[in-house]
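See below for the structure under consideration.
The figures that follow rest on heavy atoms only: side chains count, while hydrogens, waters and symmetry mates do not. On a predicted model such as this, the values are computed, not experimentally measured, just so you know. Naming: A, B, ... by sequence-line order, numbering from 1 per chain.
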Amino acid sequence: MKQKLESLLQQAVAGIKTQGILESDFIAQIQLERTKDPQHGDFATNLAMLLAKPAKQNPRQLAEKIVAALPADPAVVKVEIAGPGFINFFINPDSQFQIVRQVLEQGSAFGLSRIGAGQRVQVEFVSANPTGPLHVGHGRGAAYGSAVADLLEAAGFSVEREYYVNDAGRQMDILATSVWLRYLEACGEVLPFPSNGYRGEYVRDISANLHRSAGDKYRKPSAQVLADLPADEAQGGDKEKHIDALIERAKTLLGPEAYEQVFQAGLDEILQDIKDDLAEFGVGYQRWFSERSLMDDQSIDRALRRLDEAGFLYRQEGATWFASSRLGDEKDRVVVRDNGQTTYFASDIAYHMNKLDRGFDKIINIWGADHHGYIPRVKAAMQALGADDSKLKVLLVQFAVLYRGDEKVQMSTRSGEFVTLRQLRNEVGKDACRFFYVMRKSEQHMDFDLKLATSKTNENPVYYVQYAHARVCSVLRQLDEKGRQRDPLLGMQHLHLLTEEQESALLTTLSRYPETLERAALNYEPHQLIQYLRELANQFHSYYNAHQFLVDDDKLCNARINLVCAVRQVLANAMSLLKINTPEAM
RNA sequence: GCGCUUGUAGCUCAGCCGGAUAGAGCAUCGGCCUUCUAAGCCGAGGGUCGCAGGUUCGAGUCCUGCCAAGCGUGCCA
């Protein structure tokens, strides 16, 4: 309908051009929007006001000429000029009714769009370090990222979801060392635990499993482990120096092969936990991309060579620098440290080169907002590699601040004091989790109140939407219990009986679903879909309270049942997209 | 200091490419269950859209400055 009106307006513009009112080479951008007030009809355009200046006429006069040039169409019953020069369209109610038929015929496909035209989009999200279980902060990225990916898919893009596994680097060495130290404890060794180690209970679990499967294979006497170590923080020393020395000690005492086995034991178990956790949360990936693989296949070397060949690398103070400041970054960045090790950033350059090589039309990275300072340097790297950095879109997600009632829950991975995503899911349930996480715009700070999300009362918005769905199901059950039969065909023939205020509102809202989905996808804003769901559910509940559906008149009854079935279908389509359950009874 | 993000009702937040009288939930107050599920509905009160300028037919929305909050500003990841 919207498209039809837009084309009518284009024809009208062409018409006034031939009248010489407007320069013939002027390109008019048609802006057509849904009206907020039914008095203004169904659609409105500000075209006359936009063209007033180039046409050198006052908007209302021009509007009259545009309306005069507008071709007649059976779907449009009335066109009005209002306010400063708005042109309001009133749509023939008969054509409004057809949305019910359309929804029921298309079923779960209703609302899907082809606007993406099969373009290949990669969405990388969560990508939390595999040094511990996912916590509630990662949960928001998971819910948001998968919703964005699913939305894009629904809009006709070809989507690849990817998790970048940071399985290299110092943090992983700290984890491996923490696992080993807890393992030694399990063997019966007595030794202090470093203040900078991973203290979480999950590390003990991993170590216990390792001890069960490997016995004392990795055991070394504690005296040997602790000999000549720099003091830890608790003893007035430097915790960073202490932990680095412990890592070195682990590597030398165990030897490369055994160290690698301990390392791998920690990595495997944590990664598996993350995979299970996300799967249970309804989040799936096409690919898990290992950072170590970039080292193993020399991707990092190749990436650095390409930067060097392009003249963007230089040496200074023993390190190798990338001249990112020449490409919009604040300052240059180190890619190879003076100790010869490449930085995390070097891996990331190689990773993005890999993404570019895979030929995606669009690369979407979903990062925690604390990484925003990182965007310019990655874009600089892409440019230096000769790529179009506008292919990369970084979407930032603010961390959710967790409250238990009024009390703010403090979190830190290292200390082990954090609420995990799994705990949250167990406490709140998957549906409420996903709903709450994507309810807000991603770059908004979010207060996640556990008490509110766990409450099974009316304070909880997810139930509101689910309840609307369950209510339609309940109506159909009632119909059956009354011994009556649904007659969809009869209902279709009498959709014109749906003239109540609430019915018109629902028809309009249903017809808005496809454009809402499209807009949510193109703007990467799943919260728009949530807003829509709440509005649709609200209108349905109002309708439910104002009118009886199962009336004696078979024609009206079936028309209404068709309408509420269409409502149920659209509710279900949007909720399934967001991986929220659609209960048939509550 | 500089950079990014945010600032809308008591609280949590929507507000589409700049559009007509700025919306919703919670909270408060008042109504609605003999009728398809009251996890619901109807109504009321509640606003200097952080502040000040600017752009224009029109600004919560765009621009500039200021104020406030969060984050960033590592040869950490």
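- Side-chain N/O atoms of A:Y464 include one lying less than 4.0 angstrom from OP1 or OP2 on B:C41.
- Between B:G65 and B:C29, the distance separating the two C1' atoms is 44 Å to the nearest Å.
- For the contact set between residues 321-339 of chain A and RNA chain B, defined by any heavy atom under 4.0 Å, the members are A:W321, A:E330, A:K331, A:V334, A:R337, A:D338.
- Checked against B:A77, B:G40, B:G19, the side chain of A:H541 finds its nearest nucleotide in B:G40.
- Here A:Y544 lies in heavy-atom contact (under 4.0 Å) with a base.
- Taking every side-chain heavy atom of A:E443 into account, B:U6 is the closest of B:C41, B:U6, B:G19.
- Regarding A:R471, its CZ atom lies at a distance of 9 Å from the C1' atom of B:A39, rounded to whole Å.
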* What is the per-nucleotide protein-contact pattern of nucleotides 11-18 of chain B, from the 5' end, where B denotes a base atom under 4.0 Å from a protein heavy atom, S denotes such proximity for sugar-phosphate atoms only, and - denotes neither? -> -BSSSBB-

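- When distances run from any side-chain atom of A:M49 to the nucleotides B:G19, B:C42, B:A20, the shortest one goes to B:G19.
- Among the protein residues, A:S474 comes within range of the nucleic acid bases, having at least one heavy atom under 4.0 Å from a base atom.
- Taking only distance into account, the side chain of A:D370 never meets the base of B:G72 through a donor-acceptor pair shorter than 3.5 Å.
- A:H371 contributes no side-chain N or O that forms a donor-acceptor pair with the base of B:G72 under 3.5 Å.
- Contacts of A:A470 with the nucleic acid, taken as non-hydrogen atoms under 4.0 Å apart, include base atoms.
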* To do: Kindly express the pairing pattern of RNA chain B in dot-bracket notation, using | wherever a base pairs with another strand and counting only Watson-Crick or G-U pairs under 3.5 Å.
  => (((((((..((((.....[...)))).(((((.......))))).....(((((..]....))))))))))))....

